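Written below as structure tokens is the structure these notes are about.
Quick note: numbers below take in every heavy atom, side chains included, and nothing from hydrogens, waters or symmetry partners. In this chain, numbering begins with 1 at the start of the sequence shown. Quantities reported herein were computed from a predicted structural model and do not represent experimental measurements.
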Amino acid sequence: MSKDNVRHNQAGIVRRLDRLFSFGPGRIGLSHGLRGKTARRTSQLSPRCVAVVNLCRIIRGACILSWLLNTVRLAAFFRSLKHPASMAALILCFIAVLGVFWADGISWPDRLRGLTPIEKLLGIPILIYYFSQS
């Protein structure tokens, strides 16, 4: 089986899981903005339903992670980390983590909440790897 067939099959599996774990009359699927819409809907649901929604999020994350791990060649990925854009993103994330430990007089939840905008930078090395493979 070629790489394209494997990727096509994996994308089909993710689509089927998306249909399987779609919720409610509006059919909010796993890949259709879970953060905003589901957060509003889960505030009106019982704790048991919220647990099911969170379980679906975890299952979706595990599927995506397994798909990524099956397609990544580690040697090529670590070589792509030496790209200047990847290094810059990683250095900025490292500086942000140092800033979390440096801060005084701020609660830990507030410190960790400050990392959320920076965590998006960690996607840059992954994107550089995937686009270099195509």
Hydrophobic cluster identity match, [X] and [Y], side-chain contacts under 4.5 Å:
| X | Y | result |
| --- | --- | --- |
| Ile95 | Leu122 | no |
| Leu74 | Leu81 | yes |
| Leu90 | Phe131 | no |
| Trp102 | Ile106 | no |
| Ile128 | Ile118 | yes |

Return yes if some donor-acceptor pair links the side-chain N/O of [X] with the main-chain N/O of [Y] below 3.5 Å, else return no.
| X | Y | value |
| --- | --- | --- |
| Ser86 | Lys82 | no |
| Thr71 | Trp67 | yes |
| Asn70 | Ser66 | yes |

Per the ring-ring contact (aromatic ring centres under 6.0 Å, His included) rule, what does the pair list look like for residues 73-93, sequence neighbours excluded?
Phe77-Tyr129
Minimum heavy-atom separation for [X] to [Y], with atom names?
| X | Y | result |
| --- | --- | --- |
| Ala85 | Ile124 | O-CG2, 4.1 Å |
| Thr116 | Arg113 | OG1-O, 2.8 Å |
| Ala103 | Arg111 | O-NH2, 2.6 Å |

Interatomic spacing from CD1 in Ile58 to SG in Cys63 - rounded to 0.5 Å:
12.0 Å
